[in-house]
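Take a look at the structure below.
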Amino acid sequence: MKLIASAAAAVLLAALPLVAQEAPTTEATKLRAAVLRIDRQALPPVSRLDAVPENLGFAGATLATEDNATTGRFMGQEFVTDTVAASPENAVQALDGILGAGTKFVTVLADDATTLALADRARETAPDALIFNALAQGDNLRNADCRANVIHVTPSRAMLADALTQFLMWKKWGRWVLMSGSHPSDQALKAAYQASAKKFNAKIVVEKEFADTGGSRRSDTGHVLVQRQIPVDTQFGEDYDVLIAADENQVFAGYLPFQTWDARPVAGSAGLRARLWSPALESWGATQFQNRFEKSTRRPMRDEDYSTWLALRMLGEAATRTGSTDPMQLKQYILSPDFAVAGFKGEKMTIRDWDHQLRQPILLATDNIVVSVSPQEGYLHQVSQLDTLGTDRPETACKLDKG
Amino acid sequence: MRSFSLALLAVILATPALANRVFVSNERSNDITVFDSESWEVIGTFPAGNRPRGIAISPDGKELYVCASDDDLVRVYDPETMQETHTLPSGPDPELFVLHPSGNPLYIANEDDNLVTVVDTATRQVLAEIPVGVEPEGMGISPDGKFVINTSETTNMAHFIDTETYEIVGNVLVDSRPRFAQYNSAGTKLYVSAEIGGTVSVIDPATREIVKKIGFEIPGVLPEAIQPVGVRVTQDGKKVYVALGPANRVAVVDGETDEVIDYLLVGQRVWQLAFTPDEKYLFATNGNTNDVSVIDVQADKVVKSVPVGQQPWGVVVAPNGP
């Protein structure tokens, strides 16, 4: 059991000394933020390549803080980021500690329910604080359970599902088998695919559930059993174009490619995946961004690192544009229609005013290549093409209490 | 096979040319396409290291400089023979650079290291490394050579660097992901394009204030696709051309009012621009259609597409021969 471990992220300065252009900073020009990561005990991943690094998410925060500091030198602004890891049981206590110290901006890496609980706690104890949701993809958090003090940096399940569906429909692969896991988050993802199929006119010909019966993930020559079992599990008796796996907990999806009864591609939680980031992305200047991250962290960037980087860059961008580090001024600016942030995905990203979701392109990637980027050509929208992904204004069930 | 074609190329290029040669760096095929500025006939193609992007030529036309981004150096070619003569240290991942109007030194943006590297083109030594904002990219220089401008893509600033002291003397905050900085020849205006912001900031270099932001609107083109990159200004300062990336257009801007006059349809993902010395033609590299659009500057019409290598990035035209 891991208890609260706290460390202040170092603000690194460039290797060469700076000259006259450096402006002095004071407490008044210092911006303090925090990253709170809630670690849940979990089985090791199906692939050892997916082992969770110690500094998951925090490394992205460190890079963002360095990026903000470099710009801050020219603005006379200083950036400090505290990183805190806590167990689910200690999540509220950890948040209280951060808010109690006066920090107003907290980037949270937690599941749907914990994120919601933390947002509600923050609303009680620090009504002027802002939570950046960097992990929870629940559509309920953008609809019935939306909160005015939360900005969703990470995309919703609906956005990810729509991004994949647009591509599959562009490919004319409209007949799906949908295989889902038995955990609540898998069911939520399944619902997102069902809604997306309806929205873009795909047909789900078979639905099947794959129960998580527990057990070890590691066994010697485990592939022998997998090779016998998966073909049997994927006899659907219907013709289909693509097998979609809704398996957020990575129980079975990883075993599907090349093991299906019919020769069909796999998408969703394995094969072609809709993702907010890929360490393979090289377009739009991403190469330099990946290089900077890998140089300091010595591993490829994970989704969690990208979303904490983006959350803290949103703060840095607001500080630069307003010329201020006053939390209330920054909050006001971030929630205003003027706000936009660049994040190496080819276009500016802005916040939907109806549910505080960050609009963003979604990558469609295999483990080592970016296959495409959605929204796909031809999916038009009267306001922003990015709003063809996820819950649009007319459909939202979110009522933000902006009081 | 390759040595044969190179030898042949050398012979062709050694013959006196009536027109100017145009050099196009092809980011993906790792080569330079050379074509004639009047006939638009491709003269030849020669290898140029790994991921050639920024490209420039010395004022006397004797040295061609290419940023070989993945080789972490600048390759120098004899434009007559197309042979590589030497390399220059550049710092890591050089993308764009600018030559001092005198031809020396060369100012290089190092995207990975948040530095501008200054290199003496004669002694081939690094003169200075100047820390700038995050992801330095665009490089411009004032006509009098007193200030070099660097734009940093994540910091979103144009940094004014004093070329005597190598110190940053001013920073102008512009829109998101500034890509390119270009002075007019009178030195009275500095144009800075912002790829993600979708604008070109017109800066008064004397006050270092933004006097106008040029926005772009094209019927039928999504606003997100309008991403200004390369900028060129006619010698008289009256017309400014802006490459709009995935909008597949080059905008023509009135250099006096800074209002958009026209949009010229070119190839896909138009990136950088270069005039012929007489400003009769403007060449535009189209990264996703592997061609260069030839624009008649007088008529503001696209008159030809020249097929080049894969993913053309930069373009430079040789000055009139001595």
Side-chain angles (χ1 to χ4, degrees), chain A residues 12-23 63-64 66-76 282-295 309 313 316-317 320-323 339-350 359 361 375 377 379-381 383-386, chain B residues 27-28 51 69-70 92-93 95 109-117 128-137 152-162 165-179 194-199 220 222-227 245-246 269 287:
Chain A
L12 296 181
L13 291 172
L16 284 180
L18 268 174
V19 269
Q21 63 270 25
E22 208 167 356
L63 182 64
E66 283 172 28
D67 286 355
N68 289 343
T70 304
T71 304
R73 289 194 326 236
F74 304 111
M75 302 292 297
E282 297 232 47
S283 298
W284 308 300
T287 310
Q288 287 75 37
F289 177 52
Q290 312 264 24
N291 284 345
R292 274 189 288 132
F293 181 85
E294 286 160 16
K295 203 184 279 180
W309 177 86
R313 270 295 303 139
E317 182 69 15
T320 308
R321 296 289 164 198
T322 57
F339 181 79
V341 66
F344 304 96
K345 292 211 271 190
E347 57 186 284
K348 65 181 165 194
M349 301 190 246
T350 55
R359 294 181 176 94
E377 215 178 308
Y379 289 95
L380 303 178
H381 193 278
V383 178
S384 162
Q385 208 195 352
L386 294 175
Chain B
E27 181 180 4
R28 195 174 172 97
R51 205 174 181 199
S69 298
D70 285 355
D93 197 16
E95 181 167 347
N110 299 122
E111 266 199 291
D112 269 8
D113 271 18
N114 304 345
L115 290 175
V116 166
T117 301
E129 287 181 336
I130 306 156
V132 291
V134 183
E135 286 174 55
E137 164 100 17
S152 48
E153 290 181 323
T154 294
T155 294
N156 302 324
M157 286 181 183
H159 306 288
F160 283 70
I161 301 166
D162 185 319
T165 61
Y166 302 131
E167 281 176 21
I168 295 177
V169 292
N171 302 293
V172 179
L173 187 63
V174 293
D175 284 341
S176 210
R177 273 184 91 74
R179 274 283 189 173
E195 183 188 10
I196 296 292
T199 59
L222 292 168
E224 304 93 273
I226 298 176
Q227 303 186 345
R269 193 180 187 260

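In what follows, chains carry the letters A, B, and so on, assigned in the order in which the sequence lines appear, proteins first and then strands, with residues in each chain numbered from 1.
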Seminar exercise, completed: Minimal heavy-atom distance between A:S384 and B:E224, with the atoms involved, is OG-OE2, 4.1 Å
For this session: Could you tell me whether the side chain of B:D113 reaches within less than 4.5 Å of the side chain of A:K295, counting heavy atoms only?
Result: yes
Problem set entry | Flag side-chain contact, heavy atom, 4.5 Å: A:R321 against B:D175 | yes
Exercise. Using non-hydrogen atoms only, which part of B:Q227 is less than 4.5 Å away from chain A: side chain, backbone, both, or neither?
Worked result: side chain
Problem set entry | Spacing of NZ belonging to A:K345 relative to CD1 belonging to B:I196, to within rounding of 0.5 Å | 12.0 Å
Problem set entry | Euclidean distance, A:E66 CD relative to B:N114 CG, rounded to 0.5 Å | 9.5 Å
Seminar exercise, completed: Note: vs chain A, highest number of non-hydrogen pairs under 4.5 angstrom among B:E195, B:H159, B:E95 is B:H159
Problem set entry | Salt-bridge present (B:D93, A:R292; N to O < 4.0 Å) | no
Problem set entry | Greatest number of heavy atom pairs closer than 4.5 Å to chain B - which of A:T287, A:N68, A:N291, A:V341 | A:N291
Seminar exercise, completed: Of the listed A:F344, A:W284, A:F289, the one with the largest count of heavy-atom pairs under 4.5 Å with chain B is A:F344
Problem set entry | Side chain, backbone, both or neither of A:A342 within contact of chain B (heavy atoms, under 4.5 Å) | both
Exercise. Between B:N156 and A:E317, do the side chains contain an N or O donor and an N or O acceptor separated by less than 3.5 Å?
Worked result: yes
